[in-house]
Amino acid sequence: LIYLVVAILLGSLFFGCKPRIDTMVKAEKLFIKMVDKTAGKLDLNENQKIQLERLKMDIRKNFQEGQKDKKEALLKIKEEGIKENSNLRKMTSFLQGSLQEEAKRINQAFDLMLAFQDNLNEAQKKKLTQMISDWVKKWD
């Protein structure tokens, strides 16, 4: 039973952990789309538009660094998995670290978006708050 579980886990690591679509790429696109859609409704001035472009660059940089970290973790998992005496705990640790890094990158993107609010005037902040409230109401 232990060998079966180890074989299933290793198989899923080799075939399942090599994502066809990188979650960092998908998250980056989602955040950029959300920022563009929201900003389009706020009637930004030129300075705010410059800050918006800076925000998008920071979001892209954040997720591109995350992609690099994830690829390195998956490479370490693969290298450990092909060893004759693979260390399952080590492989699991690499995978857990990779997932924690993804969560950290997503949280960082939210922090960047929150910091952008400092560039908005009071009317824009009020409109943004209302847009978020309306969006949350649709969750039912």
Side-chain angles (χ1 to χ4, degrees):
L1 182 61
I2 292 173
Y3 291 119
L4 178 62
V5 171
V6 170
I8 290 171
L9 184 59
L10 288 176
S12 67
L13 285 173
F14 285 121
F15 297 109
C17 288
K18 188 174 182 180
R20 307 249 187 280
I21 298 176
D22 192 342
T23 54
M24 292 286 102
V25 171
K26 195 171 185 178
E28 176 187 335
K29 288 179 182 179
L30 180 68
F31 272 89
I32 297 296
K33 181 180 176 182
M34 187 170 42
V35 164
D36 281 337
K37 184 177 178 182
T38 303
K41 297 177 183 178
L42 293 177
D43 192 31
L44 301 176
N45 63 36
E46 288 306 311
N47 185 44
Q48 291 170 327
K49 288 178 183 178
I50 291 169
Q51 295 301 320
L52 176 69
E53 291 305 314
R54 191 169 293 146
L55 168 66
K56 292 191 301 188
M57 285 183 354
D58 290 343
I59 289 172
R60 285 186 184 102
K61 180 181 175 187
N62 175 52
F63 285 117
Q64 288 170 359
E65 289 171 358
Q67 274 182 286
K68 182 182 170 212
D69 293 343
K70 185 172 184 171
K71 286 178 184 178
E72 289 173 5
L74 292 176
L75 182 60
K76 289 178 184 178
I77 292 169
K78 185 176 179 179
E79 287 172 354
E80 184 63 33
I82 60 176
K83 290 180 180 177
E84 188 172 323
N85 294 320
S86 301
N87 184 333
L88 188 57
R89 289 190 190 280
K90 195 173 189 181
M91 292 168 62
T92 302
S93 175
F94 290 143
L95 183 59
Q96 288 172 329
S98 176
L99 295 174
Q100 289 171 348
E101 182 64 25
E102 282 185 29
K104 180 180 145 191
R105 295 292 174 177
I106 290 170
N107 287 333
Q108 177 65 25
F110 278 116
D111 290 343
L112 290 168
M113 289 181 357
L114 286 172
F116 178 76
Q117 288 185 50
D118 295 339
N119 298 302
L120 302 177
N121 62 38
E122 290 306 314
Q124 291 168 325
K125 287 179 183 179
K126 186 175 181 178
K127 187 172 184 175
L128 177 62
T129 301
Q130 185 60 49
M131 287 171 22
I132 293 170
S133 294
D134 292 344
W135 179 64
V136 170
K137 288 177 188 175
K138 294 178 185 179
W139 287 1
D140 291 336

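Keep in mind that this is a model prediction, so the values were computed, not measured.
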Just do the salt bridge (charged side-chain N to carboxylate O under 4.0 Å, His left out) check on Glu101 and Arg105 with the steps written out, would you?
-> CA-CA 6 Å; Glu101 182 64 25; Arg105 295 292 174 177; 2.8 Å; yes

Evaluation steps, side-chain contact (heavy atoms from CB on, under 4.5 Å), between Lys29 and Lys26 = CA-CA 5 Å; Lys29 288 179 182 179; Lys26 195 171 185 178; 6.0 Å; no

Are Leu75 and Phe94 connected in the hydrophobic side-chain network, where two residues link if heavy atoms are under 4.5 Å apart?
-> no

Shortest non-hydrogen pair, Lys125 vs Leu120, comes out as CE-O, 3.3 Å

Lys76 bridged to Glu72 by N-O distance under 4.0 Å | no

Can we say Lys49 and Glu46 salt-bridge, meaning some charged N sits less than 4.0 Å from an Asp/Glu carboxylate O?
-> yes

In sequence, state the C-alpha distance, the side-chain angles, and the governing distance for Met91 and Leu95, and then conclude on side-chain contact (heavy atoms from CB on, under 4.5 Å).
-> CA-CA 6 Å; Met91 292 168 62; Leu95 183 59; over 6 Å; no

Look at Lys56 together with Glu53 and state whether they make a salt bridge at an N to O cut-off of under 4.0 Å.
-> yes

Are Asp43 and Lys127 close enough for a salt bridge, meaning some N to O gap below 4.0 Å?
-> no

Would you say Lys90 has more than 12 foreign heavy atoms packed within less than 6.0 Å of its NZ?
-> no

Shortest non-hydrogen separation from Ala109 to Asn62 and the atoms involved | N-ND2, 3.8 Å

Distance-only side-chain donor-acceptor flag, Gln48 / Gln124, under 3.5 Å | yes

Given side chains that start at C-beta, do those of Thr23 and Lys70 come closer than 4.5 Å, heavy atoms only?
-> yes

When rounded to the nearest 0.5 angstrom, what distance separates NZ in Lys78 from NZ in Lys71?
-> 13.5 Å

With under 30° as parallel and over 60° as perpendicular, where do the rings of Phe31 and Phe63 fit, or are they tilted in between?
-> tilted

Test side-chain contact (heavy atoms from CB on, under 4.5 Å) applied to Met113 and Ile59, step by step | CA-CA 9 Å; Met113 289 181 357; Ile59 289 172; 4.2 Å; yes

On a heavy-atom basis, the closest approach of Ser86 and Gly81 is OG-O, 3.0 Å

Is the closest basic N to carboxylate O distance between Glu65 and Lys68 below 4.0 Å?
-> no

Is the backbone N or O of Thr129 less than 3.5 Å from a side-chain atom of Ser133, with the two atoms forming a donor-acceptor pair by type?
-> yes

Side chains of Asp69 and Met24: does their closest heavy-atom pair fall under 4.5 Å?
-> no

Does Leu30 share a hydrophobic cluster with Trp139, counting links as ILVMFWY side-chain heavy atoms below 4.5 Å and allowing steps through other members?
-> no

Hey, what do you get for CD (Glu79) to CD1 (Ile77), rounding to the nearest 0.5 Å?
-> 10.5 Å

Any donor-acceptor pair under 3.5 Å linking the side chain of Asp134 with the backbone of Met131?
-> no

Shared ILVMFWY cluster between Phe116 and Ile50, side chains joined below 4.5 angstrom?
-> no

